[in-house]
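Numbered from 1 within each chain, the chains take letters A, B, ... in sequence-line order. Here the structure is a predicted model, which is why all the values come from computation and not from measurement.
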Number of protein chains: 2
Amino acid sequence: MPKPTFFRLADEKRQRLIKAAYAEFARVPFQTASISNIIRDAGIPRGSFYQYFEDKTDIFFYLLDQTRMQTTLLYEQALKRHNGDLFAALDEFFNAAADVLIEGPDAEFYANVFLYMDFQSATHFSPSDAKPPHKKELLRTTLSLIDRDKLVVSSDEEVGMLFRQAMWIFMQSLGHYYHRLRNGEQISLAQLKARMATMLHWLQFGAGVQKEDLHD
Amino acid sequence: MPKPTFFRLADEKRQRLIKAAYAEFARVPFQTASISNIIRDAGIPRGSFYQYFEDKTDIFFYLLDQTRMQTTLLYEQALKRHNGDLFAALDEFFNAAADVLIEGPDAEFYANVFLYMDFQSATHFSPSDAKPPHKKELLRTTLSLIDRDKLVVSSDEEVGMLFRQAMWIFMQSLGHYYHRLRNGEQISLAQLKARMATMLHWLQFGAGVQKEDLHD
DNA sequence: ATGTCATGTGACAAACTGTCATTATACGCG
DNA sequence: CGCGTATAATGACAGTTTGTCACATGACAT
């Protein structure tokens with residue numbers, strides 16, 4: 001989390017820093033990104049940066065959190081609209097979120113996020129060492145709103161496992177999209193959505209042939 | 001890929017270097033690991049290291065490849081033993097591979113692999129910039145050996161998607177296991193296997209309530 | 001004007017990476 | 001044996017980056 005000083009900054013200065021950070025994390029993956037570049041771009045002295053943020057991780061997840069809040073909202077809305085039908089909600093959410101992440105202004109930033117995010121981070125969607133006030137927020141929302149009668153789950157933990165499996169489909173698909181894009185084999189947004197739908201469908205109805213299918 | 005010089009090295013020296021590399025990558029995640037530590041441990045001059053490997057990525061994936069070859073074999077055997085029944089083979093493979101990766105001598109190394117591997121690497125199981133001779137090896141094996149009549153797939157590409165979804169279950173579960181372990185909430189090997197089985201079962205038969213289930 | 005607290009600043013030490021000119025070693029051959 | 005050539009070993013070095021810290025500056029209340 002940014003330090004209090006950061007939030008007291010003059011708007012213009014804060015925006016300049018944020019913009020420079022987005023640019024750096026869009027330019028190269030997190031590991032390669034350098035604070036030196038960010039502060040040079042933003043025209044801010046080194047010492048000041050450390051007055052605002054702990055380190056590179058801190059500012060990166062601050063940026064990512066902006067997105068998380070946005071998408072969390074989309075997800076909740078979908079869940080409510082579909083009366084707790086998890087799979088219907090996920091399907092809608094995937095499509096809406098893909099629009100935001102791919103057609104929005106920070107697509108390059110997200111490309112690096114989804115191509116290079118590690119499992120640890122993906123699991124918690126926040127740095128491992130920071131205390132995440134929002135940790136499992138999506139999961140809590142899910143647990144409170146879903147209609148369990150439509151799922152084959154026997155515990156809250158299993159709901160969590162299922163939810164993560166679904167989120168991986170989403171993240172992996174975005175990673176796939178951006179991977180293709182960067183290799184000059186761009187796929188369309190429609191194809192991306194079809195991919196996510198297929199994988200989600202498998203998760204919902206199974207990718208193995210069911211018993212009754214054998215009667216053919 | 002290591003440079004030819006590396007393979008011409010005296011066995012003792014090569015082993016020393018490999019051992020030091022394992023130790024370093026077991027100590028900290030890939031991003032944090034340093035070549036300086038590896039060479040200090042191995043007692044090898046800096047210049048020599050670069051005579052053997054391109055960089056940190058190069059030696060890391062060399063180590064990982066050792067494992068990949070081992071597990072690929074397990075997978076192929078399982079696939080043949082089950083006459084191309086993908087899900088049956090995956091179930092067997094997950095259990096066998098988990099034994100190797102968790103009870104073997106390099107468990108700490110794998111912990112860092114599965115906790116911190118990014119999506120890009122996970123997808124290709126090889127560094128993005130290197131030419132991977134084995135790339136998609138597992139997938140090719142799968143395509144040639146599976147019995148498609150047992151799957152709801154309509155193309156080779158879909159087989160690939162399905163396969164990756166399954167592999168993610170495996171990797172994510174190992175990540176989960178190691179995460180718990182490092183937070184002092186160790187789960188048993190049996191619990192890990194149960195988790196993988198549950199998730200794989202969802203993928204095979206669906207986590208959503210099926211039509212016929214509604215007749216209850 | 002003066003004290004106090006928050007903020008700004010850039011020089012600096014420590015660490016690491018990849019390179020390269022130089023030195024050492026091995027090996028084939030007259 | 002002595003010599004030449006290819007291969008390998010070596011560590012000093014330049015170039016970066018990071019996080020810190022002592023000090024400067026500013027704002028504001030008394």
Side-chain angles (χ1 to χ4, degrees), chain A residues 1-63 112 116 121 127-130, chain B residues 1-63 112 116 121 127-130:
Chain A
M1 265 235 306
K3 300 180 183 175
T5 313
F6 175 72
F7 296 107
R8 287 186 219 116
L9 239 39
D11 276 16
E12 193 274 331
K13 193 173 186 179
R14 195 171 56 243
Q15 287 308 320
R16 203 153 28 104
L17 185 49
I18 289 177
K19 193 173 163 192
Y22 266 118
E24 176 67 0
F25 290 124
R27 191 181 66 81
V28 289
F30 174 78
Q31 301 99 309
T32 320
S34 97
I35 294 175
S36 293
N37 285 338
I38 296 175
I39 60 179
R40 190 180 331 112
D41 262 39
I44 281 172
R46 182 159 204 85
S48 295
F49 178 89
Y50 287 96
Q51 206 115 40
Y52 310 145
F53 295 98
E54 289 294 335
D55 52 22
K56 192 170 64 162
T57 303
D58 198 19
I59 191 169
F60 179 74
F61 278 98
Y62 172 69
L63 299 185
N112 283 327
Y116 297 101
S121 303
S128 54
D129 42 358
Chain B
M1 267 238 303
K3 301 180 183 176
T5 313
F6 174 71
F7 296 108
R8 286 186 220 116
L9 238 40
D11 276 15
E12 193 274 332
K13 194 174 187 178
R14 196 171 56 241
Q15 287 308 320
R16 203 151 29 103
L17 184 48
I18 288 176
K19 194 174 163 191
Y22 266 118
E24 176 66 0
F25 290 123
R27 190 181 67 81
V28 289
F30 174 77
Q31 300 99 310
T32 320
S34 95
I35 294 175
S36 292
N37 284 337
I38 296 175
I39 60 178
R40 189 177 334 108
D41 262 40
I44 280 173
R46 185 161 202 81
S48 294
F49 179 89
Y50 287 95
Q51 205 118 40
Y52 310 145
F53 296 97
E54 289 294 336
D55 52 22
K56 191 170 64 163
T57 303
D58 197 19
I59 191 170
F60 179 73
F61 279 97
Y62 172 69
L63 299 185
N112 283 327
Y116 298 101
S121 304
S128 53
D129 43 356

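- Taking only side-chain atoms of B:Asp55, from C-beta outward, the nucleotide of C:dG18, D:dA9, D:dT20 with the closest atom is C:dG18.
- For the segment residues 8-16 of chain B, the set of residues with a heavy atom within less than 4.0 Å of an atom of DNA chain D comprises B:Arg8, B:Leu9, B:Lys13, in numerical order.
- The separation between B:Ile39 atom CD1 and D:dA9 atom C1' is 13 Å, rounded to whole Å.
- Residue A:Thr5 is classed as a sugar-phosphate contact, given heavy-atom separations below 4.0 Å to backbone atoms only.
- Rounded to an integer number of Å, the gap from A:Lys3 NZ to C:dG8 P is 12 Å.
- Here the closest heavy-atom approach between residue A:Lys3 and residue A:Glu54 is recorded as CE-OE2, 3.4 Å.
- B:Ile35 places its CD1 atom 17 Å from the P atom of D:dG11, with the value rounded to the nearest Å.
- Close to D:dG19, at under 4.0 Å from its OP1 or OP2, lies no side-chain N or O of A:Arg46.
- Summarising the geometry, the separation between CZ on B:Arg40 and P on D:dG11 is reported as 15 Å, rounded to the nearest angstrom.
- Between the B:Asp41 side chain and the B:Ala20 main chain, no donor and acceptor come within less than 3.5 Å of each other.
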Verdict with reasoning, B:Tyr52 to B:Phe7, per ring-ring contact (aromatic ring centres under 6.0 Å, His included): CA-CA 8 Å; B:Tyr52 310 145; B:Phe7 296 108; over 10 Å; no

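- Nearest approach of B:Arg46 to B:Ser36, heavy atoms of both residues: NH1-OG, 3.5 Å.
- No close placement of the A:Phe30 and A:Tyr116 rings is indicated, their centers lying 6.0 Å or farther apart.
- The distance from atom CD1 of B:Ile59 to atom P of C:dG18 is 13 Å, rounded to the nearest whole Å.
- Residues B:Lys56 and B:Thr32 come closest through the heavy atom pair NZ-N, 4.4 Å.
- Comparing A:Gly47 and B:Pro4 by the nucleotide of DNA chain D whose heavy atom lies nearest to each, the residue mapping closer to the 5' end is B:Pro4.
- Under 4.0 angstrom from either OP1 or OP2 of D:dA9 there lies at least one side-chain N or O belonging to B:Tyr52.
- Close placement of the B:Phe53 and B:Phe6 rings is indicated, their centers lying within 6.0 Å of each other.
- In this structure, CZ of B:Phe53 is placed 14 Å from P of C:dG18, rounded to the nearest angstrom.
- When heavy atoms are screened at a 4.0 angstrom cut-off, A:Ser48 is found touching base atoms of the nucleic acid.
- The interatomic distance linking A:Tyr50 (OH) with C:dA13 (P) rounds to 17 Å, in whole Å.
- The distance between atom CD of B:Gln31 and atom C1' of D:dT18, rounded to the nearest whole Å, is 16 Å.
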